Novice: 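Below are the structure tokens for one structure; questions will follow.
Computed from a prediction, not measured in an experiment: that's the story for all the values here. The analysis underlying the following values was restricted to heavy atoms, covering all of them including side chains, and did not include hydrogens, waters or symmetry mates.
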Amino acid sequence: MLGRLFFLFTAMTLIEVYVLMSIGSLLGAELTIGIIILTAFAGSYLVRNQGLQTVQKLQARLAAGEAPGQEIVEAIMLLVCGVLLVTPGFVTDALGLLVLTPQIRGRLAKAIIAQYKDRIIPQSMFTGGAQGFQYSSQSSPFQQQPGADNKAKNEGVIEGDFVEVNRDDNKLN
């Protein structure tokens with residue numbers, strides 16, 4: 001895994017430098033830097049708007065009692081898009097803008113959920129397919145079961161009154 005990440009970052013850096021040098025030689029340094037700065041600002045704006053929409057969808061799913069798996073994956077993808085768009089370069093900008101497209105991001109999120117569904121989401125808490133999970137509050141580990149006996153909680157508790165004793169006078173207060 002670490003070797004793959006090292007290869008990915010090295011390859012991306014080399015590709016990015018090559019593309020930057022090629023475009024810079026065609027357009028000139030000033031225009032190339034201007035385009036990079038412009039895409040960083042535009043990307044930040046777009047990621048912010050898409051992020052707010054995703055948060056609204058997430059809140060709506062939670063209010064409906066559904067698990068917001070798709071929205072959480074899309075929010076993580078938007079975070080990655082933000083990093084890609086702010087990173088100087090044309091290749092990272094292209095990848096960021098590609099994933100920023102709602103239709104592509106939605107399809108990728110569904111594919112990720114389908115791929116890792118069994119590892120991430122306990123089947124006892126959610127029902128349904130990759131298209132729409134329903135949250136089952138009956139199986140929540142934090143909810144007290146109806147009819148549970150509370151005597152076990154109070155075991156070892158002794159109720160009573162106490163009186164403070166002043167040690168100097170050995171008198172009761």
Novice: Which heavy atom of E74 sits nearest a heavy atom of A109, and at what distance?
Specialist: CG-CB, 3.7 Å
Novice: Find out if a path of hydrophobic residues (ILVMFWY) with successive side-chain heavy-atom gaps under 4.5 Å connects L8 to V80.
Specialist: yes
Novice: Is there a donor-acceptor contact under 3.5 Å linking the side chains of R61 and Q70?
Specialist: no
Novice: Looking at E71 and K57, is there a salt bridge between them, counting it only when a charged N and a carboxylate O are closer than 4.0 Å?
Specialist: no
Novice: Would M12 and I23 show up in the same hydrophobic cluster when neighbours are defined by side-chain heavy atoms closer than 4.5 Å?
Specialist: yes
Novice: Any side-chain hydrogen bond (donor to acceptor under 3.5 Å, both in side chains) involving residues 1-17? Give me the pairs, sequence neighbours left out, ordered by first then second residue.
Specialist: E16-T92
Novice: Give a yes or no on whether I104 and L84 share a hydrophobic cluster (residues Ile, Leu, Val, Met, Phe, Trp, Tyr; joining criterion: side-chain heavy atoms under 4.5 Å apart).
Specialist: no
Novice: Under 4.5 Å between side-chain heavy atoms, hopping through other hydrophobics if needed: is there a path connecting M77 to V83?
Specialist: no
Novice: Establish whether L27 and F90 are linked, either directly or via other cluster members, by ILVMFWY side-chain heavy-atom contacts under 4.5 Å.
Specialist: yes
Novice: Is any side-chain heavy atom of S44 closer than 4.5 Å to a side-chain heavy atom of L85?
Specialist: no
Novice: What closest approach, in Å, do G96 and C81 show between heavy atoms, and which atom pair accounts for it?
Specialist: O-SG, 3.5 Å
Novice: My understanding is that a hydrophobic cluster links ILVMFWY residues whose side chain heavy atoms are under 4.5 Å apart, including indirect links. Using that, what else belongs to the cluster containing L62?
Specialist: L58, I72, I76
Novice: Are any of the side-chain heavy atoms of L20 and I36 separated by less than 4.5 Å?
Specialist: yes
Novice: Side chains of Q50 and Q53: closer than 4.5 Å at any heavy-atom pair?
Specialist: yes
Novice: For L46, give me all partners under side-chain contact (heavy atoms from CB on, under 4.5 Å), at least two apart in sequence or on another chain.
Specialist: L97, L100
Novice: Sequence neighbours excluded, which residues qualify as side-chain hydrogen bond (donor to acceptor under 3.5 Å, both in side chains) partners of T39?
Specialist: D93
Novice: Out of I113, V99, L98, T101, which residue meets the side chain to side chain contact (heavy atoms under 4.5 Å, CB included) rule with L108?
Specialist: V99
Novice: If the condition is side-chain hydrogen bond (donor to acceptor under 3.5 Å, both in side chains), which residues does Y18 pass it with, not counting sequence neighbours?
Specialist: none
Novice: Output the rest of the hydrophobic cluster of I37: all Ile, Leu, Val, Met, Phe, Trp and Tyr residues reachable through side-chain heavy-atom contacts under 4.5 Å, sorted by chain and number.
Specialist: I33, F41
